[in-house]
A.B. asks: 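I have a structure here, written as structure tokens, and I will follow up with some questions on it.
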There are 2 protein chains.
Amino acid sequence: MFSKACKYAVKATIYIAVQSGQNTRTSLKDISAKIDSPEAFTAKVLQVLVKNQVIESLKGPLGGFFISNEAAKLITLSHVVYLIDGTETFNSCGLGLKECSECRPCPMHHKFQRIRSELKEMIEKTTIYELVLKVGEGESFLM
Amino acid sequence: MFSKACKYAVKATIYIAVQSGQNTRTSLKDISAKIDSPEAFTAKVLQVLVKNQVIESLKGPLGGFFISNEAAKLITLSHVVYLIDGTETFNSCGLGLKECSECRPCPMHHKFQRIRSELKEMIEKTTIYELVLKVGEGESFLM
DNA sequence: CATATAAAGGACAGTTTTGTCCGAAATTAT
DNA sequence: ATAATTTCGGACAAAACTGTCCTTTATATG
């Protein structure tokens with residue numbers, strides 16, 4: 001469904017936001033330990049998020065990654081997913097037809113489209129902050 | 001969502017079933033032309049379907065691939081999808097947690113699980129025959 | 001039996017995804 | 001300034017996925 005890179009990105013973003021709530025920057029090392037991901041690979045993914053201003057970073061001692069509560073309330077799952085995996089999974093034909101629409105659908109179109117719209121709506125409406133709260137309250141886990 | 005191999009497999013199975021309705025075997029060449037897929041790669045995918053008795057094949061002139069209407073009524077999208085892509089997409093955690101359940105969920109669990117169950121149910125309940133009818137009636141297309 | 005046809009199967013190549021390593025650049029503290 | 005720390009960025013490597021080519025095997029027909 002989502003690529004590994006994307007799963008790492010989502011979990012990392014959530015974890016960074018949890019830590020940022022305590023106003024502390026989070027190091028790559030800490031992140032990859034807490035979300036159980038390969039450190040160097042996670043670094044690459046986070047660089048994309050930083051470049052696209054989903055999260056912030058600072059080099060040096062006391063450096064690390066950061067995302068404010070305000071930002072976490074504005075950023076949704078879809079922001080991260082679309083950045084890392086692109087939008088094809090959510091917009092192109094489920095069976096790979098070059099053109100697939102109501103007018104000229106693939107045989108799976110109607111059933112598939114309905115479900116995928118729900119998935120799309122879910123990631124577009126779910127904010128990182130919502131997920132942070134669950135982790136913060138110990139209701140949910142990142143590894 | 002689905003791999004290319006899986007998309008080819010589904011489209012090929014449907015096309016073979018459409019043709020089998022006229023009681024004619026379908027050649028690989030014909031299949032890959034009609035579903036717009038690379039011939040040799042499609043061959044590999046079809047071999048898996050044959051080995052697992054989703055479709056039948058016969059070598060030689062007048063040879064080709066075949067699936068009876070009766071079989072097409074029993075075989076669902078999930079048969080093909082699980083064979084080619086495996087079940088991980090439909091059973092494992094959306095964020096890649098090794099263990100993820102109601103008791104110990106990832107932050108996306110509840111929202112994700114609901115939608116994925118619908119997707120799972122859809123592919124498990126949709127028969128190939130249903131899709132064949134749509135293509136047969138010119139309502140749906142394979143390329 | 002000889003020949004033609006079509007799937008089966010093995011080997012291999014290209015591409016994408018995933019993952020690692022290491023030096024460069026920036027920041028903090030001494 | 002110097003040293004220590006941490007992200008950034010480039011190069012590279014491994015694995016998975018996609019795709020091709022060619023030989024072998026099975027079947028039908030003359």
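Here is the naming used below: chain letters follow the sequence lines, and residue numbers restart at 1 for every chain.
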A.B. asks: Expressed in angstrom and rounded to an integer, what is the separation of A:L46 atom CG from D:dG9 atom C1'?
C.D. replies: 14 Å
A.B. asks: Round to a whole Å and report the spacing from NZ of B:K29 to C1' of C:dT5.
C.D. replies: 11 Å
A.B. asks: Output the distance between atom CZ (A:R104) and atom NE2 (A:H109), rounded to the nearest 0.5 Å.
C.D. replies: 12.5 Å
A.B. asks: Nearest to the side chain of B:K59, heavy atoms from C-beta on, is which of D:dT6, D:dA26, D:dT20?
C.D. replies: D:dA26
A.B. asks: Rounding to an integer number of Å, can you tell me how far B:F65 CZ sits from C:dT5 C1'?
C.D. replies: 13 Å
A.B. asks: Would you classify B:L58 as touching base, sugar-phosphate or nothing, given that sugar-phosphate means primed atoms plus P, OP1 and OP2, and contacts are heavy atoms under 4.0 Å?
C.D. replies: sugar-phosphate
A.B. asks: Roughly how far, to the nearest 0.5 Å, is CD1 of A:I31 from CG of A:L142?
C.D. replies: 11.0 Å
A.B. asks: How long is the line joining CZ of A:R25 and C1' of C:dA26, in whole Å?
C.D. replies: 13 Å
A.B. asks: For C:dT18 and A:Y8 - does any side-chain N or O of the residue sit under 4.0 Å from the phosphate oxygens OP1/OP2?
C.D. replies: no
A.B. asks: Is the distance from OP1 or OP2 of D:dC8 to the nearest side-chain N or O of A:S57 less than 4.0 Å?
C.D. replies: yes
A.B. asks: What is the distance from CG of A:D30 to C1' of D:dT5, rounded to the nearest Å?
C.D. replies: 15 Å
A.B. asks: For the side chain of B:P61, starting at C-beta, report the closest nucleotide among D:dA4, D:dT7, D:dT27.
C.D. replies: D:dT27
A.B. asks: Using whole Å, report how far CD1 of B:I31 lies from P of C:dA6.
C.D. replies: 12 Å
A.B. asks: Distance check, rounded to the nearest 0.5 Å: B:E56 atom CD versus B:I16 atom CD1?
C.D. replies: 11.0 Å
A.B. asks: Return whichever of B:L62 or A:F2 has its heavy-atom-nearest nucleotide of DNA chain C closer to the 5' end.
C.D. replies: B:L62
A.B. asks: Please tell me which of the listed nucleotides, D:dT27, D:dT7, C:dT20, lies nearest to the side chain of A:S27?
C.D. replies: D:dT7
A.B. asks: What nucleic acid atoms does B:T26 come within less than 4.0 Å of, heavy atoms only: base, sugar-phosphate, or nothing?
C.D. replies: sugar-phosphate
A.B. asks: Is B:K51 touching bases, backbone alone, or none of the nucleic acid, heavy atoms closer than 4.0 Å?
C.D. replies: sugar-phosphate
A.B. asks: On DNA chain C, check which nucleotide each of A:G60 and A:E39 is closest to and give me the residue with the more 5' one.
C.D. replies: A:E39
A.B. asks: What integer distance in Å separates B:F66:CZ from C:dA6:P?
C.D. replies: 17 Å
A.B. asks: Looking at C:dG9, does its base get a donor-acceptor pair with the side chain of B:Q47 below 3.5 Å?
C.D. replies: yes
A.B. asks: Could you tell me the separation between the CD atom of B:E56 and the C1' atom of D:dA26, rounded to a whole number of Å?
C.D. replies: 16 Å
A.B. asks: Let me know which of A:L77, A:D85, A:V80 forms a side chain to side chain contact (heavy atoms under 4.5 Å, CB included) with A:F2.
C.D. replies: A:D85
A.B. asks: So, does the side chain of A:K44 form a donor-acceptor pair with the base of D:dG10 at under 3.5 Å?
C.D. replies: yes
A.B. asks: Could you report the tightest heavy-atom contact between A:T126 and B:K111, atom names first, then the distance?
C.D. replies: OG1-NZ, 3.1 Å
